[in-house]
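Atoms considered below: every heavy atom in the structure, side chains included; atoms not considered: hydrogens, waters and symmetry mates. So that the names make sense, note that chain A is the first sequence line, chain B the second, and so on, each numbered from 1.
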Amino acid sequence: MKVNKFAAAIAYAVLILISFVMIYPFLWMFFSSFKTNLEIMQDPLSLWPKEWVLTGYQNIATLAGNSIWHYIKNSLILSIGTTLVVVLSTALGGYALYRNRRLPFFGIIEKSFMVSLMYPAVLLLIPLYVIVVNFRLYGTGNYLGIILASSTGAWGAALPFFLFKQFFDSMPYELLEAATIDGASELRLFTHITMPVMYPVFTTATLISFLTSWGLWLPVLMLSKDMSTYNLAAMLVNLNSDLGVDLSQTAALSTVVSLPVVVVFLLTQHKVMDGIAAGSVKG
Amino acid sequence: MVNQVQRHGAFAVQRDAFRFGGGVQQGGEHPFPVVDEEFQAIPVQDHPQGQLAVLRGGFQPAQMGDVPAGPVAAAVKEQFVIFIPFITPDVVGSVVWKQFFNTQGAMNQLPALVGLQPVNWLTTPATALGVLAFVELWKHVGLYTIIFLTNYQLIDRTMYEAAWIDGANAWQTYRYITLPALKPAFTLNAVYSVIQFLKTYTVARIITFGGPNYATNFLSYYAYSKYEKMDFGSATAIATFLFVIVLTMLGSRLGRENHESE
(Lines give C-alpha, C1' and ligand atoms only; values in the text may rest on other atoms or scores of the structure.)
Protein backbone atom coordinates (compact mmCIF):
# COMPACT_ATOMS: atom_id res chain seq x y z
CA MET A 1 0.00 0.00 0.00
CA LYS A 2 2.88 2.30 0.71
CA VAL A 3 4.17 2.02 -2.86
CA ASN A 4 0.70 2.70 -4.04
CA LYS A 5 0.42 6.00 -2.23
CA PHE A 6 3.93 7.06 -3.17
CA ALA A 7 3.32 6.36 -6.84
CA ALA A 8 0.03 8.18 -6.73
CA ALA A 9 1.71 11.18 -5.11
CA ILE A 10 4.35 11.31 -7.83
CA ALA A 11 1.72 10.91 -10.51
CA TYR A 12 -0.32 13.74 -9.06
CA ALA A 13 2.75 15.95 -8.78
CA VAL A 14 3.54 15.37 -12.45
CA LEU A 15 -0.06 16.03 -13.39
CA ILE A 16 -0.16 19.26 -11.42
CA LEU A 17 3.05 20.40 -13.08
CA ILE A 18 1.67 19.61 -16.52
CA SER A 19 -1.58 21.38 -15.72
CA PHE A 20 0.42 24.38 -14.63
CA VAL A 21 2.38 24.49 -17.89
CA MET A 22 -0.89 24.13 -19.76
CA ILE A 23 -2.66 26.95 -17.98
CA TYR A 24 0.20 29.36 -17.23
CA PRO A 25 0.19 31.16 -20.61
CA PHE A 26 -3.48 31.96 -20.16
CA LEU A 27 -2.99 33.26 -16.65
CA TRP A 28 -0.02 35.30 -17.81
CA MET A 29 -2.05 36.70 -20.67
CA PHE A 30 -4.95 37.60 -18.41
CA PHE A 31 -2.87 39.32 -15.75
CA SER A 32 -0.54 41.01 -18.23
CA SER A 33 -3.50 42.69 -19.83
CA PHE A 34 -3.82 44.70 -16.62
CA LYS A 35 -0.15 45.67 -16.46
CA THR A 36 1.78 48.45 -18.07
CA ASN A 37 4.19 47.60 -20.85
CA LEU A 38 7.09 48.53 -18.62
CA GLU A 39 6.09 46.12 -15.92
CA ILE A 40 5.68 43.24 -18.40
CA MET A 41 9.16 43.91 -19.77
CA GLN A 42 10.85 44.26 -16.40
CA ASP A 43 9.32 41.27 -14.72
CA PRO A 44 8.26 38.82 -17.44
CA LEU A 45 7.77 35.80 -15.17
CA SER A 46 5.43 37.26 -12.59
CA LEU A 47 1.69 36.99 -12.75
CA TRP A 48 0.05 39.36 -10.27
CA PRO A 49 0.19 42.99 -11.39
CA LYS A 50 1.74 45.43 -8.92
CA GLU A 51 -0.81 47.94 -10.02
CA TRP A 52 -3.97 47.21 -11.96
CA VAL A 53 -4.17 49.49 -14.97
CA LEU A 54 -6.47 49.45 -17.93
CA THR A 55 -4.17 50.93 -20.57
CA GLY A 56 -4.18 47.66 -22.54
CA TYR A 57 -7.93 47.73 -22.81
CA GLN A 58 -7.97 51.42 -23.57
CA ASN A 59 -5.55 50.74 -26.41
CA ILE A 60 -7.75 48.12 -27.99
CA ALA A 61 -10.94 50.19 -27.72
CA THR A 62 -10.13 51.46 -31.18
CA LEU A 63 -8.17 49.25 -33.56
CA ALA A 64 -7.09 50.51 -36.97
CA GLY A 65 -9.78 53.16 -36.95
CA ASN A 66 -12.64 50.85 -36.00
CA SER A 67 -14.13 50.34 -32.58
CA ILE A 68 -13.52 46.98 -30.89
CA TRP A 69 -17.25 46.29 -31.12
CA HIS A 70 -16.94 46.23 -34.87
CA TYR A 71 -14.56 43.27 -34.65
CA ILE A 72 -16.60 41.55 -31.96
CA LYS A 73 -19.65 41.90 -34.19
CA ASN A 74 -17.70 40.46 -37.12
CA SER A 75 -16.48 37.56 -35.01
CA LEU A 76 -20.04 36.78 -33.98
CA ILE A 77 -21.41 37.08 -37.52
CA LEU A 78 -18.68 34.88 -38.99
CA SER A 79 -18.69 32.18 -36.34
CA ILE A 80 -22.47 31.97 -35.99
CA GLY A 81 -22.89 31.96 -39.75
CA THR A 82 -20.25 29.27 -40.16
CA THR A 83 -21.79 27.21 -37.38
CA LEU A 84 -25.23 27.41 -38.98
CA VAL A 85 -23.97 26.39 -42.41
CA VAL A 86 -21.77 23.60 -41.06
CA VAL A 87 -24.24 22.08 -38.64
CA LEU A 88 -27.25 22.25 -40.93
CA SER A 89 -25.44 20.84 -43.93
CA THR A 90 -23.62 18.08 -42.08
CA ALA A 91 -26.70 17.09 -40.08
CA LEU A 92 -28.89 16.86 -43.15
CA GLY A 93 -26.08 15.32 -45.20
CA GLY A 94 -25.38 12.70 -42.57
CA TYR A 95 -29.07 11.94 -42.41
CA ALA A 96 -29.25 11.53 -46.16
CA LEU A 97 -26.28 9.16 -46.01
CA TYR A 98 -28.12 7.21 -43.34
CA ARG A 99 -31.42 7.05 -45.18
CA ASN A 100 -30.08 5.91 -48.50
CA ARG A 101 -26.53 4.69 -48.68
CA ARG A 102 -26.75 3.64 -52.29
CA LEU A 103 -27.23 7.08 -53.77
CA PRO A 104 -24.45 7.78 -56.28
CA PHE A 105 -21.23 9.46 -55.09
CA PHE A 106 -22.03 9.22 -51.39
CA GLY A 107 -19.06 6.95 -50.82
CA ILE A 108 -16.83 9.54 -52.45
CA ILE A 109 -18.34 12.32 -50.35
CA GLU A 110 -17.60 10.42 -47.20
CA LYS A 111 -14.00 9.73 -48.25
CA SER A 112 -13.55 13.34 -49.27
CA PHE A 113 -14.44 14.46 -45.76
CA MET A 114 -11.73 12.20 -44.46
CA VAL A 115 -9.24 13.65 -46.93
CA SER A 116 -10.24 17.16 -45.95
CA LEU A 117 -9.68 16.31 -42.30
CA MET A 118 -6.13 15.32 -43.14
CA TYR A 119 -5.28 17.85 -45.80
CA PRO A 120 -3.68 21.12 -44.72
CA ALA A 121 -6.36 23.72 -45.17
CA VAL A 122 -3.80 26.46 -45.90
CA LEU A 123 -3.13 24.97 -49.29
CA LEU A 124 -6.75 25.27 -50.30
CA LEU A 125 -6.64 29.03 -50.01
CA ILE A 126 -5.92 29.65 -53.67
CA PRO A 127 -8.77 27.52 -55.03
CA LEU A 128 -11.08 28.98 -52.39
CA TYR A 129 -9.98 32.49 -53.22
CA VAL A 130 -10.62 31.92 -56.92
CA ILE A 131 -14.03 30.42 -56.22
CA VAL A 132 -15.03 33.22 -53.86
CA VAL A 133 -13.96 35.90 -56.35
CA ASN A 134 -15.72 34.21 -59.25
CA PHE A 135 -18.94 33.93 -57.30
CA ARG A 136 -18.68 37.69 -56.67
CA LEU A 137 -18.57 37.13 -52.92
CA TYR A 138 -15.38 39.08 -52.49
CA GLY A 139 -15.79 42.67 -51.43
CA THR A 140 -16.22 45.23 -48.72
CA GLY A 141 -18.49 43.99 -45.97
CA ASN A 142 -19.23 40.73 -47.75
CA TYR A 143 -19.34 38.05 -45.08
CA LEU A 144 -20.86 35.33 -47.21
CA GLY A 145 -17.68 34.36 -49.03
CA ILE A 146 -15.74 34.02 -45.78
CA ILE A 147 -18.54 32.09 -44.11
CA LEU A 148 -18.80 29.64 -46.98
CA ALA A 149 -15.04 29.21 -47.17
CA SER A 150 -14.81 28.63 -43.43
CA SER A 151 -17.56 26.04 -43.68
CA THR A 152 -15.66 23.77 -46.06
CA GLY A 153 -14.39 20.46 -44.80
CA ALA A 154 -10.86 21.66 -44.42
CA TRP A 155 -11.67 24.34 -41.87
CA GLY A 156 -14.42 22.91 -39.79
CA ALA A 157 -17.06 20.70 -41.35
CA ALA A 158 -15.20 17.40 -41.14
CA LEU A 159 -15.49 16.85 -37.39
CA PRO A 160 -19.24 17.60 -37.14
CA PHE A 161 -19.79 15.44 -40.19
CA PHE A 162 -18.13 12.46 -38.56
CA LEU A 163 -20.04 13.09 -35.35
CA PHE A 164 -23.34 12.96 -37.19
CA LYS A 165 -22.34 10.03 -39.33
CA GLN A 166 -21.25 8.07 -36.29
CA PHE A 167 -24.44 8.89 -34.50
CA PHE A 168 -26.60 7.81 -37.40
CA ASP A 169 -24.56 4.62 -37.72
CA SER A 170 -25.51 3.73 -34.18
CA MET A 171 -29.17 4.68 -34.54
CA PRO A 172 -31.40 1.62 -35.01
CA TYR A 173 -33.08 1.58 -38.38
CA GLU A 174 -36.09 -0.22 -36.90
CA LEU A 175 -37.11 3.05 -35.30
CA LEU A 176 -37.75 4.64 -38.67
CA GLU A 177 -39.23 1.47 -40.10
CA ALA A 178 -41.78 1.34 -37.32
CA ALA A 179 -42.74 4.95 -37.98
CA THR A 180 -42.97 4.27 -41.71
CA ILE A 181 -45.35 1.40 -41.07
CA ASP A 182 -47.43 3.73 -38.95
CA GLY A 183 -47.74 5.91 -42.01
CA ALA A 184 -45.32 8.75 -41.26
CA SER A 185 -44.16 10.85 -44.17
CA GLU A 186 -40.47 11.44 -44.89
CA LEU A 187 -40.62 14.93 -43.40
CA ARG A 188 -42.42 13.66 -40.32
CA LEU A 189 -39.81 10.94 -39.89
CA PHE A 190 -37.16 13.60 -39.71
CA THR A 191 -38.95 16.11 -37.51
CA HIS A 192 -40.62 13.69 -35.10
CA ILE A 193 -38.27 10.71 -34.89
CA THR A 194 -34.78 11.75 -35.90
CA MET A 195 -34.60 15.26 -34.54
CA PRO A 196 -35.50 14.44 -30.92
CA VAL A 197 -33.02 11.56 -30.84
CA MET A 198 -30.31 13.58 -32.52
CA TYR A 199 -30.61 16.54 -30.18
CA PRO A 200 -27.51 15.77 -28.02
CA VAL A 201 -25.25 15.29 -31.04
CA PHE A 202 -26.71 18.41 -32.55
CA THR A 203 -25.72 20.54 -29.54
CA THR A 204 -22.25 18.99 -29.44
CA ALA A 205 -21.68 19.65 -33.12
CA THR A 206 -22.93 23.22 -32.74
CA LEU A 207 -20.58 23.87 -29.83
CA ILE A 208 -17.53 22.39 -31.54
CA SER A 209 -18.28 24.23 -34.72
CA PHE A 210 -18.68 27.52 -32.90
CA LEU A 211 -15.51 27.07 -30.88
CA THR A 212 -13.39 26.21 -33.91
CA SER A 213 -14.77 28.92 -36.15
CA TRP A 214 -14.35 31.63 -33.51
CA GLY A 215 -10.57 31.45 -33.78
CA LEU A 216 -10.27 31.13 -37.55
CA TRP A 217 -8.10 33.89 -38.92
CA LEU A 218 -6.52 32.69 -42.13
CA PRO A 219 -9.62 32.54 -44.34
CA VAL A 220 -10.77 35.82 -42.82
CA LEU A 221 -7.48 37.54 -43.49
CA MET A 222 -7.19 36.16 -47.00
CA LEU A 223 -10.77 36.54 -48.20
CA SER A 224 -11.44 39.99 -46.79
CA LYS A 225 -11.02 42.89 -49.10
CA ASP A 226 -10.51 45.31 -46.22
CA MET A 227 -10.94 45.60 -42.48
CA SER A 228 -14.72 45.70 -42.70
CA THR A 229 -14.92 41.92 -42.32
CA TYR A 230 -11.96 41.27 -40.00
CA ASN A 231 -12.76 39.31 -36.89
CA LEU A 232 -10.94 39.45 -33.55
CA ALA A 233 -8.50 36.64 -34.32
CA ALA A 234 -7.52 38.18 -37.65
CA MET A 235 -7.02 41.49 -35.90
CA LEU A 236 -4.75 39.82 -33.36
CA VAL A 237 -2.63 38.40 -36.17
CA ASN A 238 -2.59 41.77 -37.82
CA LEU A 239 -1.49 43.43 -34.62
CA ASN A 240 1.32 40.96 -34.30
CA SER A 241 2.82 41.53 -37.71
CA ASP A 242 3.82 45.08 -36.82
CA LEU A 243 7.39 45.37 -35.70
CA GLY A 244 6.91 47.08 -32.39
CA VAL A 245 4.59 44.87 -30.38
CA ASP A 246 2.56 46.58 -27.70
CA LEU A 247 2.61 43.87 -25.06
CA SER A 248 -0.28 44.96 -22.86
CA GLN A 249 -2.39 45.69 -25.91
CA THR A 250 -1.68 42.23 -27.35
CA ALA A 251 -2.44 40.61 -24.01
CA ALA A 252 -5.70 42.52 -23.72
CA LEU A 253 -6.81 41.57 -27.21
CA SER A 254 -5.80 37.93 -26.61
CA THR A 255 -7.91 37.93 -23.48
CA VAL A 256 -10.87 39.34 -25.36
CA VAL A 257 -10.44 36.72 -28.11
CA SER A 258 -10.15 33.73 -25.82
CA LEU A 259 -12.55 34.71 -23.05
CA PRO A 260 -15.79 33.68 -24.84
CA VAL A 261 -14.24 30.42 -25.98
CA VAL A 262 -12.94 29.53 -22.53
CA VAL A 263 -16.25 30.41 -20.87
CA VAL A 264 -18.26 28.39 -23.37
CA PHE A 265 -15.83 25.52 -23.04
CA LEU A 266 -15.85 25.49 -19.25
CA LEU A 267 -19.64 25.44 -19.23
CA THR A 268 -19.88 22.61 -21.71
CA GLN A 269 -16.57 20.79 -21.41
CA HIS A 270 -17.98 17.26 -21.30
CA LYS A 271 -19.96 17.62 -24.45
CA VAL A 272 -17.10 19.26 -26.30
CA MET A 273 -14.40 16.80 -25.26
CA ASP A 274 -16.58 13.76 -25.84
CA GLY A 275 -17.59 15.11 -29.20
CA ILE A 276 -14.07 15.88 -30.33
CA ALA A 277 -12.84 12.49 -29.12
CA ALA A 278 -15.66 10.72 -30.90
CA GLY A 279 -15.31 12.72 -34.10
CA SER A 280 -11.56 12.40 -34.37
CA VAL A 281 -11.44 8.74 -33.42
CA LYS A 282 -13.85 8.03 -36.21
CA GLY A 283 -12.02 10.18 -38.72
CA MET B 1 -16.48 1.22 -6.74
CA VAL B 2 -18.12 2.26 -9.95
CA ASN B 3 -18.36 5.75 -8.70
CA GLN B 4 -14.69 5.83 -7.92
CA VAL B 5 -13.78 4.56 -11.36
CA GLN B 6 -15.93 7.17 -12.98
CA ARG B 7 -14.36 9.90 -10.95
CA HIS B 8 -10.77 9.00 -11.71
CA GLY B 9 -11.16 7.01 -14.90
CA ALA B 10 -7.63 7.30 -16.17
CA PHE B 11 -6.08 6.73 -12.82
CA ALA B 12 -8.22 3.78 -11.90
CA VAL B 13 -6.57 1.70 -14.58
CA GLN B 14 -3.13 2.66 -13.38
CA ARG B 15 -4.05 2.07 -9.78
CA ASP B 16 -5.31 -1.34 -10.68
CA ALA B 17 -2.05 -2.01 -12.41
CA PHE B 18 -0.22 -1.08 -9.22
CA ARG B 19 -2.50 -3.23 -7.20
CA PHE B 20 -1.74 -6.34 -9.21
CA GLY B 21 1.86 -5.94 -8.19
CA GLY B 22 0.86 -5.89 -4.56
CA GLY B 23 -1.07 -9.04 -5.04
CA VAL B 24 -3.69 -9.76 -2.40
CA GLN B 25 -3.88 -6.83 -0.02
CA GLN B 26 -7.61 -6.80 0.28
CA GLY B 27 -8.92 -10.09 1.49
CA GLY B 28 -12.47 -10.53 0.42
CA GLU B 29 -13.01 -7.58 -1.85
CA HIS B 30 -13.12 -8.21 -5.53
CA PRO B 31 -10.19 -6.23 -6.95
CA PHE B 32 -11.83 -5.34 -10.23
CA PRO B 33 -14.20 -2.51 -10.88
CA VAL B 34 -17.50 -3.41 -12.37
CA VAL B 35 -17.04 -1.52 -15.55
CA ASP B 36 -19.84 -3.05 -17.53
CA GLU B 37 -22.38 -0.99 -15.68
CA GLU B 38 -20.36 2.08 -16.40
CA PHE B 39 -20.39 1.50 -20.11
CA GLN B 40 -24.15 1.34 -20.06
CA ALA B 41 -24.49 4.47 -17.99
CA ILE B 42 -25.81 6.99 -20.47
CA PRO B 43 -26.96 10.25 -18.95
CA VAL B 44 -30.70 10.47 -19.10
CA GLN B 45 -30.73 14.22 -18.75
CA ASP B 46 -29.11 14.54 -22.18
CA HIS B 47 -32.38 13.57 -23.74
CA PRO B 48 -35.42 15.71 -24.29
CA GLN B 49 -37.66 12.77 -23.56
CA GLY B 50 -36.94 10.27 -20.84
CA GLN B 51 -38.11 7.19 -22.66
CA LEU B 52 -35.60 7.78 -25.42
CA ALA B 53 -32.82 7.12 -22.94
CA VAL B 54 -33.99 3.53 -22.73
CA LEU B 55 -33.77 3.36 -26.45
CA ARG B 56 -30.29 4.76 -26.49
CA GLY B 57 -29.21 2.25 -23.87
CA GLY B 58 -29.78 -0.33 -26.53
CA PHE B 59 -26.96 1.05 -28.69
CA GLN B 60 -23.98 -1.12 -27.95
CA PRO B 61 -20.48 0.30 -28.18
CA ALA B 62 -19.26 -2.18 -30.73
CA GLN B 63 -15.87 -0.81 -31.75
CA MET B 64 -13.56 2.05 -31.12
CA GLY B 65 -15.59 4.43 -33.21
CA ASP B 66 -18.55 4.18 -30.90
CA VAL B 67 -17.59 6.22 -27.89
CA PRO B 68 -20.04 6.05 -25.04
CA ALA B 69 -20.81 9.50 -23.73
CA GLY B 70 -20.62 8.87 -19.99
CA PRO B 71 -17.22 7.41 -19.05
CA VAL B 72 -15.03 9.66 -21.15
CA ALA B 73 -16.68 12.71 -19.72
CA ALA B 74 -16.21 11.38 -16.23
CA ALA B 75 -12.61 10.43 -16.81
CA VAL B 76 -11.57 13.80 -18.10
CA LYS B 77 -13.56 15.69 -15.54
CA GLU B 78 -10.48 16.88 -13.74
CA GLN B 79 -8.30 16.98 -16.81
CA PHE B 80 -10.04 19.63 -18.84
CA VAL B 81 -7.09 21.88 -18.18
CA ILE B 82 -5.04 19.96 -20.69
CA PHE B 83 -7.71 20.60 -23.28
CA ILE B 84 -7.95 24.36 -22.97
CA PRO B 85 -5.02 25.09 -25.31
CA PHE B 86 -6.62 22.92 -27.97
CA ILE B 87 -9.92 24.71 -27.85
CA THR B 88 -8.73 28.31 -27.63
CA PRO B 89 -7.80 30.05 -30.88
CA ASP B 90 -4.33 29.04 -32.04
CA VAL B 91 -3.27 32.66 -32.48
CA VAL B 92 -3.65 33.35 -28.78
CA GLY B 93 -1.33 30.56 -27.67
CA SER B 94 1.24 31.49 -30.28
CA VAL B 95 1.19 35.16 -29.34
CA VAL B 96 1.69 34.44 -25.66
CA TRP B 97 4.46 31.90 -26.16
CA LYS B 98 6.15 34.31 -28.50
CA GLN B 99 6.40 36.78 -25.66
CA PHE B 100 7.75 34.06 -23.37
CA PHE B 101 10.52 33.06 -25.72
CA ASN B 102 11.36 36.55 -26.89
CA THR B 103 14.72 38.13 -26.18
CA GLN B 104 13.20 39.95 -23.23
CA GLY B 105 10.78 37.17 -22.36
CA ALA B 106 10.29 34.86 -19.43
CA MET B 107 12.09 31.87 -20.90
CA ASN B 108 15.23 33.90 -21.39
CA GLN B 109 15.20 34.79 -17.74
CA LEU B 110 14.78 31.22 -16.57
CA PRO B 111 18.38 30.13 -17.28
CA ALA B 112 19.56 33.34 -15.66
CA LEU B 113 17.81 32.37 -12.45
CA VAL B 114 20.09 29.37 -12.06
CA GLY B 115 23.13 31.36 -13.17
CA LEU B 116 23.33 30.34 -16.82
CA GLN B 117 23.64 32.50 -19.89
CA PRO B 118 20.26 33.60 -21.28
CA VAL B 119 19.36 31.72 -24.42
CA ASN B 120 18.17 33.49 -27.54
CA TRP B 121 15.51 30.95 -28.27
CA LEU B 122 14.04 32.47 -31.37
CA THR B 123 17.18 33.68 -33.12
CA THR B 124 19.07 30.37 -33.02
CA PRO B 125 17.84 28.00 -35.74
CA ALA B 126 17.97 24.80 -33.65
CA THR B 127 16.19 26.22 -30.61
CA ALA B 128 13.65 28.08 -32.72
CA LEU B 129 12.56 24.77 -34.22
CA GLY B 130 12.40 23.28 -30.74
CA VAL B 131 10.29 26.16 -29.48
CA LEU B 132 7.78 25.73 -32.28
CA ALA B 133 7.65 21.99 -31.68
CA PHE B 134 7.00 22.66 -28.01
CA VAL B 135 4.23 25.14 -28.69
CA GLU B 136 2.59 22.75 -31.13
CA LEU B 137 2.82 19.97 -28.55
CA TRP B 138 1.37 22.26 -25.91
CA LYS B 139 -1.52 23.04 -28.17
CA HIS B 140 -2.38 19.56 -29.35
CA VAL B 141 -1.45 17.30 -26.46
CA GLY B 142 -5.02 17.53 -25.17
CA LEU B 143 -6.41 15.88 -28.27
CA TYR B 144 -3.88 13.04 -28.10
CA THR B 145 -4.60 12.53 -24.41
CA ILE B 146 -8.31 12.32 -25.07
CA ILE B 147 -7.79 9.76 -27.80
CA PHE B 148 -5.69 7.63 -25.43
CA LEU B 149 -8.27 8.02 -22.69
CA THR B 150 -11.05 6.97 -25.02
CA ASN B 151 -9.07 3.88 -25.89
CA TYR B 152 -8.38 3.17 -22.23
CA GLN B 153 -12.08 3.15 -21.51
CA LEU B 154 -12.68 0.53 -24.15
CA ILE B 155 -10.13 -1.99 -22.90
CA ASP B 156 -11.86 -5.16 -21.81
CA ARG B 157 -11.32 -5.29 -18.04
CA THR B 158 -11.68 -9.07 -17.93
CA MET B 159 -8.27 -9.30 -19.54
CA TYR B 160 -6.77 -7.71 -16.42
CA GLU B 161 -8.62 -10.21 -14.34
CA ALA B 162 -7.22 -13.05 -16.39
CA ALA B 163 -3.71 -11.66 -16.10
CA TRP B 164 -4.09 -11.26 -12.35
CA ILE B 165 -5.18 -14.88 -12.02
CA ASP B 166 -2.21 -15.94 -14.14
CA GLY B 167 0.04 -14.11 -11.70
CA ALA B 168 1.29 -11.35 -13.97
CA ASN B 169 3.03 -8.45 -12.25
CA ALA B 170 2.34 -4.80 -12.92
CA TRP B 171 4.90 -4.42 -15.66
CA GLN B 172 3.83 -7.58 -17.43
CA THR B 173 0.21 -6.50 -17.26
CA TYR B 174 1.11 -3.17 -18.74
CA ARG B 175 3.40 -4.60 -21.41
CA TYR B 176 1.19 -7.45 -22.61
CA ILE B 177 -2.29 -6.10 -22.06
CA THR B 178 -2.45 -2.33 -21.83
CA LEU B 179 0.08 -1.47 -24.53
CA PRO B 180 -1.28 -3.87 -27.18
CA ALA B 181 -4.80 -2.75 -26.36
CA LEU B 182 -3.76 0.86 -26.90
CA LYS B 183 -2.43 0.13 -30.36
CA PRO B 184 -5.33 1.81 -32.17
CA ALA B 185 -4.75 5.02 -30.22
CA PHE B 186 -1.02 4.90 -30.95
CA THR B 187 -1.65 4.48 -34.66
CA LEU B 188 -4.27 7.20 -34.73
CA ASN B 189 -2.14 9.63 -32.79
CA ALA B 190 0.86 8.94 -35.00
CA VAL B 191 -1.22 9.67 -38.08
CA TYR B 192 -2.69 12.76 -36.49
CA SER B 193 0.62 14.19 -35.43
CA VAL B 194 2.16 13.67 -38.86
CA ILE B 195 -0.82 15.40 -40.40
CA GLN B 196 -0.65 18.11 -37.79
CA PHE B 197 2.95 18.69 -38.71
CA LEU B 198 1.97 19.10 -42.34
CA LYS B 199 -0.70 21.59 -41.28
CA THR B 200 1.57 23.70 -39.07
CA TYR B 201 1.53 27.31 -40.08
CA THR B 202 0.09 29.49 -37.34
CA VAL B 203 3.07 29.17 -35.01
CA ALA B 204 5.47 29.83 -37.86
CA ARG B 205 3.45 32.80 -39.01
CA ILE B 206 3.15 34.35 -35.56
CA ILE B 207 6.35 33.42 -33.78
CA THR B 208 9.18 33.21 -36.30
CA PHE B 209 7.88 34.13 -39.77
CA GLY B 210 9.69 31.04 -41.06
CA GLY B 211 13.06 32.25 -39.79
CA PRO B 212 15.77 32.41 -38.58
CA ASN B 213 17.45 31.52 -41.83
CA TYR B 214 14.46 29.45 -43.00
CA ALA B 215 14.90 27.06 -40.05
CA THR B 216 11.18 26.98 -39.33
CA ASN B 217 9.89 27.26 -42.86
CA PHE B 218 7.37 24.43 -42.71
CA LEU B 219 5.63 23.12 -45.76
CA SER B 220 2.29 24.75 -45.04
CA TYR B 221 3.90 28.02 -44.05
CA TYR B 222 6.04 27.91 -47.17
CA ALA B 223 2.95 27.59 -49.31
CA TYR B 224 1.31 30.36 -47.32
CA SER B 225 4.25 32.70 -47.81
CA LYS B 226 4.20 31.95 -51.53
CA TYR B 227 0.53 32.84 -51.52
CA GLU B 228 1.22 36.10 -49.71
CA LYS B 229 3.80 36.99 -52.37
CA MET B 230 1.19 36.26 -55.06
CA ASP B 231 3.34 33.39 -56.34
CA PHE B 232 0.26 31.29 -57.03
CA GLY B 233 2.01 28.79 -59.32
CA SER B 234 4.48 27.58 -56.70
CA ALA B 235 1.85 27.55 -53.99
CA THR B 236 -0.45 25.39 -56.09
CA ALA B 237 2.43 23.05 -56.93
CA ILE B 238 3.12 22.55 -53.21
CA ALA B 239 -0.58 21.99 -52.60
CA THR B 240 -0.76 19.31 -55.28
CA PHE B 241 2.35 17.61 -53.99
CA LEU B 242 0.92 17.48 -50.47
CA PHE B 243 -2.39 16.23 -51.75
CA VAL B 244 -0.62 13.22 -53.26
CA ILE B 245 1.17 12.55 -49.96
CA VAL B 246 -2.04 12.74 -47.94
CA LEU B 247 -3.89 10.54 -50.41
CA THR B 248 -1.13 7.96 -50.21
CA MET B 249 -1.22 7.98 -46.42
CA LEU B 250 -4.97 7.74 -46.38
CA GLY B 251 -4.94 5.02 -49.03
CA SER B 252 -2.52 2.87 -47.07
CA ARG B 253 -4.57 3.33 -43.91
CA LEU B 254 -7.85 2.46 -45.59
CA GLY B 255 -6.23 -0.48 -47.33
CA ARG B 256 -5.02 -1.83 -44.02
CA GLU B 257 -8.45 -1.42 -42.46
CA ASN B 258 -10.01 -3.37 -45.29
CA HIS B 259 -7.38 -6.02 -44.95
CA GLU B 260 -7.97 -6.36 -41.23
CA SER B 261 -11.69 -6.66 -41.61
CA GLU B 262 -11.37 -9.54 -44.07
Side-chain angles (χ1 to χ4, degrees), chain A residues 1 3-4 7-8 11 18-19 21-23 25-26 28-29 41 44-45 114-115 118-126 166 169-172 175 196-197 199-200 211 214-215 217-218 222 233 236-237 240 247 250-251 254 257-258 261-262 265-266 269-270 272-274 276-278 280-282, chain B residues 14-15 18-19 22 25 46-49 52 58-59 64-67 69 72-73 76 80-85 87-93 95-97 99-100 104-106 109 138 143 146-147 150 188 192 195 198-199 201 206 220 223-224 227 232 235-236 238-239 242-243 246-247 249-250:
Chain A
M1 283 311 260
V3 179
N4 221 335
I18 292 175
S19 306
V21 173
M22 283 294 162
I23 206 80
F26 295 108
W28 185 89
M29 168 193 91
M41 297 284 259
L45 267 174
M114 206 176 237
V115 173
M118 301 173 86
Y119 191 69
V122 197
L123 305 175
L124 292 176
L125 268 180
I126 296 158
Q166 189 191 324
D169 279 349
S170 72
M171 186 174 145
L175 201 62
V197 187
Y199 165 76
L211 290 177
W214 179 265
W217 59 271
L218 192 58
M222 288 298 153
L236 185 57
V237 175
N240 200 267
L247 285 179
T250 309
S254 305
V257 175
S258 42
V261 175
V262 172
F265 174 67
L266 288 184
Q269 30 167 316
H270 295 176
V272 172
M273 285 197 286
D274 281 347
I276 288 181
S280 39
V281 164
K282 186 70 190 176
Chain B
Q14 277 174 354
R15 230 189 285 135
F18 288 134
R19 199 183 285 149
Q25 319 93 333
D46 277 2
H47 292 269
Q49 289 151 23
L52 282 171
F59 305 179
M64 225 190 120
D66 305 348
V67 182
V72 181
V76 291
F80 67 90
V81 171
I82 209 168
F83 212 66
I84 286 187
I87 210 73
T88 45
D90 47 2
V91 208
V92 173
V95 165
V96 175
W97 282 109
Q99 303 313 328
F100 280 2
Q104 299 292 321
Q109 313 273 309
W138 172 82
L143 177 66
I146 294 252
I147 289 175
T150 310
L188 193 64
Y192 264 122
I195 292 164
L198 293 178
K199 283 182 180 176
Y201 65 90
I206 302 285
S220 280
Y224 169 83
Y227 177 87
F232 289 166
T236 322
I238 299 169
L242 245 148
F243 189 66
V246 169
L247 267 192
M249 279 169 63
L250 191 72

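- Between L236(A) and V95(B) there is a side-chain heavy-atom pair separated by less than 4.5 Å.
- When every heavy atom of W138(B) is checked against every heavy atom of V21(A), the shortest pair comes out as NE1-O, 3.3 Å.
- The aromatic rings of F100(B) and W28(A) lie perpendicular to each other, with more than 60° between the two planes, well past the 30° mark.
- When heavy atoms are compared at a cutoff of 4.5 Å, L218(A) approaches chain B solely by way of its side chain, counted from C-beta outward.
- What you find for I84(B) and L266(A) is that their closest heavy atoms are CD1-CD2, 4.4 Å.
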| said: Please determine whether side-chain contact (heavy atoms from CB on, under 4.5 Å) holds for the pair V92(B) and F26(A), giving the CA-CA distance in whole Å, both sets of side-chain angles, and the decisive distance to 0.1 Å. | reply: CA-CA 9 Å; V92(B) 173; F26(A) 295 108; 4.3 Å; yes
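- Per-residue counts of heavy-atom pairs under 4.5 Å with chain B were compared for A251(A), G215(A), S258(A), P25(A); the largest is that of P25(A).
- Pairing each heavy atom of V237(A) with each of V91(B), the nearest pair is CG2-CG1, 3.3 Å.
- Contact annotation for Y201(B): only side-chain heavy atoms (C-beta onward) come within less than 4.5 Å of a heavy atom of chain A.
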